[in-house]
Amino acid sequence: MKPQLQTLFQHALVQLQTEGLIPQDTVVEVQLEHSRDPKFGDFACNLAMVLAKIAKMRPRDLAERIVAALPSADFVSKVEIAGAGFINIFLVPNAYRQVIATVLQQGEHYGRGQVGAGQKVMVEFVSANPTGPLHVGHGRGAAYGAALSNLLSVAGYDVYKEYYVNDAGRQMDILATSVWLRYLESYGEPFTFPSNAYKGVYIRDISAALKQQYGDSLHHPISAVFADLPADEPQGGDKEIYIDAMIARCKQLLGATGYEQVFQAGLVDILGDIRQDLEEFSVTYDNWFSERSLSDNHTVERAIEKLKAQGHTYEQNGALWFRSSSFGDEKDRVLVRENGLMTYFASDIAYHLNKIERGFDVLINIWGADHHGYIPRVKAAMSALGANPECLTVLLVQFATLYRGTERLQMSTRSGEFVTLRELRDDVGNDAARFFYVQRKSEQHLDFDLDLAKSQSSDNPVYYVQYAHARIASVLRELTERGFPAHEFNAADLASLDSPHEQTLLTRLARYPEVIEAAARAYEPHQIAYYLRELAQDFHTYYNAYKFLIDDANLRNARLSLSKAVQQVLRNGLNIIGVSAPDVM
RNA sequence: GCGCCCGUAGCUCAGCCCGGAUAGAGCGUUGGCCUCCGGAGCCAAAGGUCACAGGUUCGAAUCCUGUCGGGCGCGCCA
């Protein structure tokens with residue numbers, strides 16, 4: 001509807017230009033917006049006010065000329081000039097009624113758009129280190145990433161979802177070492193657990209399974225394990241130096257094979273847990289990409305060689321540096337450390353090289369807000385590798401700050417003190433969690449009060465929206481129960497839908513495709529959540545104002561057609577944000 | 001110190017990109033509504049110097065500058 005109206009105004013504009021009222025070279029976009037108040041019609045156009053200065057006319061006078069030049073259209077009933085110079089468009093009642101037929105006919109496809117134009121887009125999200133269970137912060141990234149992927153898919157993008165598994169690096173070594181030390185504890189010799197090791201209870205579970213599988217083959221006496229180690233932090237030493245020494249000891253005593261057994265035990269267990277957690281949360285991926293594979297198949301070396309060949313690197317203090325400052329970063333970054341080990345950044349460059357080579361048009365990375373300082377260097381790497389950094393969009397998700405009442409909870413994977421995503425899901429349910437997470441703009445800080453979420457879970461907006469869906473299902477059930485003939489859609493019946501409530505609903509339904517498009521362009525699934533709430537509210541109001549199961553067959557069928565269309569759009573929208581649309585609650 | 005995010009009703013937040021008509025929701029508060037298709041609902045009321053100060057504009061919550069508050073980040077960590 002909006003595009004057709006825009007065309008009308010374009011014609012009027014050309015007409016006025018021909019008449020010489022407006023300079024030929026004037027370029028303006030015709031802006032139409034939905035009127036807030038029905039008394040201002042269905043759409044409002046501010047063209048006259050925008051052009052008043054150029055035309056050297058008073059806005060209202062210009063508005064009259066525009067209206068006079070406006071071609072007639074069968075879907076427009078009235079055009080009014082109001083206020084400072086708004087041109088208000090009133091549509092014929094039938095213009096909106098046809099949306100019912102469109103919705104019922106297109107079903108789950110209603111709202112699908114072409115903004116994406118089939119572009120291949122990769123959405124990489126969560127990608128939490130497999131060193132422990134996902135916590136509520138990861139949950140937000142998961143819910144946002146999944147909803148955004150659905151949204152982009154509906155908007156016409158070819159979406160590919162990926163999880164980058166950090167299965168290499170020091171954090172994983174600390175994990176393996178932590179598992180091994182818990183394993184050694186089971187032999188009864190007392191020792192002090194390193195302050196910097198992972199202390200979560202899940203580590204004990206993994207070590208128990210490790211013992212189950214490998215028996216005593218990984219056992220070494222405590223005296224050998226702790227011989228000649230530097231002091232840990234509580235003893236006046238440095239916890240980082242201490243844990244690194246402990247990792248080295250672990251590798252030395254276990255040998256390559258034994259260490260790999262411990263390492264894999266931790267990785268497989270935790271990654272499996274993460275996958276299951278996400279699956280239960282209806283968050284699925286097309287691919288789980290291993291960081292290790294990048295070094296195994298020499299992508300990291302290749303990326304570095306490529307940068308070297310282009311002269312984008314140099315050596316200093318025994319380390320290899322990337323000249324990222326030449327590409328807009330604030331300083332240069334190390335790729336290979338003095339000790340010969342690759343930095344995480346080197347892997348990340350390789351990963352992005354790999355993404356580029358896989359031929360995506362758009363790369364979207366969803367990161368925690370604490371990584372924002374990392375964006376310039378990755379973009380710098382993209383440029384240095386010859387790719388367009390513009391095709392990479394990093395979306396930052398602010399932290400979810402957890403509260404229990406007024407008490408602010410600290411989250412730390414290392415200390416083992418955190419609220420897991422699984423605990424949250426168990427408390428409030430998947431649907432409420434998904435909805436809660438995406439109803440806030442991602443860059444907005446999210447205060448998540450667990451007590452509130454638990455105690456008032458029935459007041460969560462998600463139930464309000466789902467209830468509207470279930471209510472419609474219930475009415476349709478009741479139709480059969482009471483012996484009414486089955487609902488029939490009949491376009492002619494729709495003329496009886498003339499109440500303000502029905503107008504409101506029809507307008508809302510017609511806007512859905514526009515909401516999808518706007519939300520997709522902005523990468524903002526929360527717009528869908530807000531829309532659904534409004535649609536549900538419109539329906540609840542309607543439901544309370546009229547009865548549907550009435551003897552007048554035409555009116556009954558018309559109201560049920562409208563209700564079914566509402567139900568369909570609710571289902572489509574809920575599907576995007578990953579919330580179920582139940583028939584019974 | 002520099003960079004990013006944020007500041008809108010008692011609380012939690014939309015609206016800001018792309019400036020327009022009385023600034024909107026939810027929760028909470030107050031008062032109504034089931035002999036009637038599901039009351040997880042509906043109707044109504046109270047509640048706001050859009051952090052502050054300038055600027056641009058016919059018009060600013062929205063754009064620009066500055067100030068003040070809050071969060072996060074500035075490693076040869078990941």
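Lettering follows sequence order; numbering is per chain, from 1.
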*Looking at every strand, decide which applies to A/Asn339 at a 4.0 Å heavy-atom threshold: base, sugar-phosphate, or nothing.*
nothing
*Are A/Arg440 and B/A25 close enough that a side-chain N or O sits under 4.0 Å from OP1 or OP2?*
no
_A/Asn354 vs A/Thr299, side-chain hydrogen bond (donor to acceptor under 3.5 Å, both in side chains): CA-CA, chis, key distance, verdict_ = CA-CA 8 Å; A/Asn354 175 286; A/Thr299 309; 5.1 Å; no
*Return yes if a side-chain donor-acceptor contact under 3.5 Å exists between A/Asn129 and A/Gln171, otherwise no.*
no
*What residues form a salt bridge (charged side-chain N to carboxylate O under 4.0 Å, His left out) with A/Asp296, not counting sequence neighbours?*
none
*So what does A/Val336 hit on the nucleic acid, given a heavy-atom distance under 4.0 Å: a base, only sugar-phosphate, or nothing?*
nothing
_Presence of salt bridge, A/Glu162 and A/Lys355, under 4.0 angstrom_ = no
*When you get a sec, tell me which of B/C76, B/A78, B/A25 is the closest nucleotide to the side chain of A/Trp321?*
B/C76
*asked:* Any base atoms under 4.0 Å from A/Arg482, or only sugar-phosphate, or nothing? Heavy atoms, all strands.
replied: sugar-phosphate
*Heavy-atom check, side chain of A/Leu341 versus side chain of A/Arg170, under 4.5 Å*: no
*Which residues pass the side-chain hydrogen bond (donor to acceptor under 3.5 Å, both in side chains) test with A/Arg292, sequence neighbours left out?*
A/Glu260
*Compare the minimum distances between each of B/C76, B/A21, B/C5 and the side chain of A/Arg337, then state the nucleotide with the smallest one.*
B/C76
Using a cutoff of under 3.5 Å, can you pull out all pairs of nitrogen or oxygen atoms linking the protein to nucleotides 55-61 of chain B, with atom names and distances?
residue, atom, partner, partner atom, Å
B/C58, OP1, A/Lys53, NZ, 3.1

_Interatomic distance where OH belongs to A/Tyr464 and C1' belongs to B/C27 [whole Å]_ = 14 Å
*Using a cut-off of 4.0 Å on non-hydrogen atoms, how would the nucleic acid contact of A/Glu33 be classed: base, sugar-phosphate, or nothing?*
nothing
*Between A/Ile472 (CD1) and B/G41 (P), how many Å, whole number?*
15 Å
*Indicate, with a heavy-atom threshold strictly under 4.0 Å, whether A/His372 touches base, sugar-phosphate, or nothing.*
base
*Where each pair must be Watson-Crick or G-U wobble with both distances under 3.5 Å, what dot-bracket representation of RNA chain B is obtained, with crossing pairs in [ ] and other-strand partners as |?*
(((((((..((((......[...)))).(((((.......))))).....(((((..]....))))))))))))....
*asked:* So, using side chain to side chain contact (heavy atoms under 4.5 Å, CB included) as the criterion, who are the partners of A/Leu549 when residues are at least two apart?
replied: A/Val475, A/Glu478, A/Leu479, A/Arg482, A/Phe484
Expected list for residues 529-537 of chain A: side-chain donor-acceptor pairs under 3.5 angstrom, two or more places apart:
residue, atom, partner, partner atom, Å
A/Tyr531, OH, A/Arg508, O, 2.7
A/Glu534, OE1, A/Arg508, NH1, 3.1

*How is A/Gln316 classified with respect to the nucleic acid when contacts are heavy atoms under 4.0 Å: base, sugar-phosphate, or nothing?*
base
Distance-only criterion, 3.5 Å: show the donor-acceptor pairs between side-chain atoms of residues 328-336 of chain A and protein atoms not counting sequence neighbours.
residue, atom, partner, partner atom, Å
A/Asp329, OD1, A/Arg333, NH2, 3.2
A/Asp329, OD2, A/Ser324, OG, 3.1
A/Asp329, OD2, A/Arg333, NE, 2.8
A/Asp329, OD2, A/Arg333, NH2, 3.3
A/Asp332, OD1, A/Ser324, N, 3.3
A/Asp332, OD1, A/Ser325, N, 3.1
A/Asp332, OD1, A/Ser325, OG, 2.6
A/Asp332, OD2, A/Tyr314, OH, 2.6

*For B/G26, does OP1 or OP2 lie under 4.0 Å from any side-chain N or O of A/Tyr463?*
no
*Measure from the side-chain heavy atoms of A/Leu396 and tell me the nearest of B/C4, B/G26, B/C37.*
B/C4
*Pick base, sugar-phosphate or nothing for A/Asn88, based on heavy-atom distances below 4.0 Å to the nucleic acid.*
base
*Only pairs at least two apart or in different chains count here, so list each salt bridge (Lys or Arg N to Asp or Glu O under 4.0 Å) that has a residue in residues 516-532 of chain A.*
A/Glu517-A/Arg521
*Rounded distance (Å) that lies between atom P of B/C37 and atom CE of A/Met585*: 19 Å
_Check this for me: does the side-chain of A/His371 come within 3.5 Å of the base of B/G73 through a donor and an acceptor?_
no
*Taking NZ, NE, NH1 and NH2 as the nitrogens, is one of them in A/Arg377 or A/Asp348 under 4.0 Å from a carboxylate oxygen of the other?*
no
_The side chain of A/Arg471 is closest to which nucleotide in this list: B/C4, B/A21, B/G38?_
B/G38
*Calculate the interatomic distance between A/Glu240 atom CD and B/A78 atom C1'; express it in whole Å.*
11 Å
*A/Asp238 side-chain N/O to A/Ile241 backbone N/O, donor-acceptor pair under 3.5 Å*: yes
*Distance, rounded to the nearest Å, where A/Phe548 contributes CZ and B/G38 contributes C1'*: 12 Å
*Nucleotide nearest A/Tyr467 when distance is taken to its side chain, options B/G38, B/A78, B/C76*: B/G38
*With rounding to whole Å, what would you report as the distance between B/C13 and B/A61 at their C1' atoms?*
15 Å
*Would you indicate what A/Asp583 reaches in the nucleic acid, counting non-hydrogen atoms under 4.0 angstrom: base, sugar-phosphate, or nothing?*
base
*Please give, in whole Å, the distance from B/A25 C1' to A/Phe435 CZ?*
12 Å
_Show every salt bridge (Lys or Arg N to Asp or Glu O under 4.0 Å) that has at least one partner inside residues 543-565 of chain A, sequence neighbours left out._
A/Glu502-A/Arg559
*State, with a plain yes or no, whether a side-chain heavy atom of A/Leu395 is found less than 4.5 Å away from one of A/Trp367.*
no
_Pair A/Asp431 + A/Arg434: basic N to acidic O under 4.0 Å_ = no
*Who are the side chain to side chain contact (heavy atoms under 4.5 Å, CB included) partners of A/Tyr242, not counting sequence neighbours?*
A/Pro194, A/Phe226, A/Leu229, A/Asp232, A/Met246
*Remember a base hit wins even if backbone is also touched, and classify A/Glu478 as base, sugar-phosphate or nothing at under 4.0 Å, heavy atoms.*
sugar-phosphate
*Roughly, in whole Å, what's the span from OH in A/Tyr374 to C1' in B/C76?*
13 Å
_side-chain N/O A/Thr541 vs B/G41 OP1/OP2, d < 4.0 Å_ = no
*asked:* Given B/G41, B/G3, B/C5, identify the nucleotide with an atom nearest to the side chain of A/Gln398.
replied: B/C5
*In whole angstrom, give the distance that lies between atom CD1 of A/Ile349 and atom P of B/A78.*
13 Å
Scan nucleotides 15-19 of chain B against the protein and return all N/O pairs shorter than 3.5 Å with their distances rounded to 0.1 Å.
residue, atom, partner, partner atom, Å
B/G15, OP1, A/His526, NE2, 3.2
B/G15, OP2, A/Lys441, NZ, 3.4

*Any idea if B/C11 is syn or anti, going by the 90°-from-0 cut?*
anti
*When the nearest nucleotide of RNA chain B is assigned to A/Asp370 and to A/Asn166 on a heavy-atom basis, which residue is associated with the more 5' position?*
A/Asp370
Restricting to nitrogen or oxygen on both sides, can you table the protein-nucleotides 22-24 of chain B pairs closer than 3.5 Å?
residue, atom, partner, partner atom, Å
B/U22, O4, A/Asp37, OD2, 3.1

